[in-house]
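Structure first, commentary second.
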Amino acid sequence: MPRLALYALAVCALAVAAAVVSFAQGSWIGVVWILLAGVSSNMAWYYLRKAKLDRAAAREAEVTG
């Protein structure tokens, strides 16, 4: 798994935990944490997909090379 995807996944998990704590304390700042979780989740998916496509392109270049 790419390092940036792992970092983004860690940020996503921490943002979700922060949102839960914020909402449990009655604070609406949890909405910001939810938005951050969404952005970091999308970043994780992007980096995972990019790594998969890069591996496929490298294999294709190796076969046709």
Checklist entry - Does Leu6 have any side chain to side chain contact (heavy atoms under 4.5 Å, CB included) partners at least two apart in sequence or in another chain, and if so, which? => result Met1

Next on the checklist: Tell me every residue that passes side chain to side chain contact (heavy atoms under 4.5 Å, CB included) with Tyr46, counting only those two or more places apart in sequence or in another chain.
Outcome noted: Lys50

Next on the checklist: Let me confirm one number: the CG-CZ distance from Asp54 to Arg49, rounded to the nearest 0.5 Å.
Outcome noted: 11.0 Å

Let me check something: any side-chain donor-acceptor pairs from residues 25-45 under 3.5 Å, sequence neighbours excluded? List them with distances.
{"from": "Ser27", "atom 1": "OG", "to": "Ile29", "atom 2": "N", "distance (Å)": "3.2"}
{"from": "Ser40", "atom 1": "OG", "to": "Cys12", "atom 2": "N", "distance (Å)": "3.3"}
{"from": "Ser40", "atom 1": "OG", "to": "Leu36", "atom 2": "O", "distance (Å)": "3.1"}
{"from": "Ser40", "atom 1": "OG", "to": "Ala37", "atom 2": "O", "distance (Å)": "3.1"}

Checklist outcome for this item: Lys52 meets the salt bridge (charged side-chain N to carboxylate O under 4.0 Å, His left out) criterion, sequence neighbours left out, with none

Checklist outcome for this item: Applying side chain to side chain contact (heavy atoms under 4.5 Å, CB included) to Ala13 and not counting sequence neighbours gives none

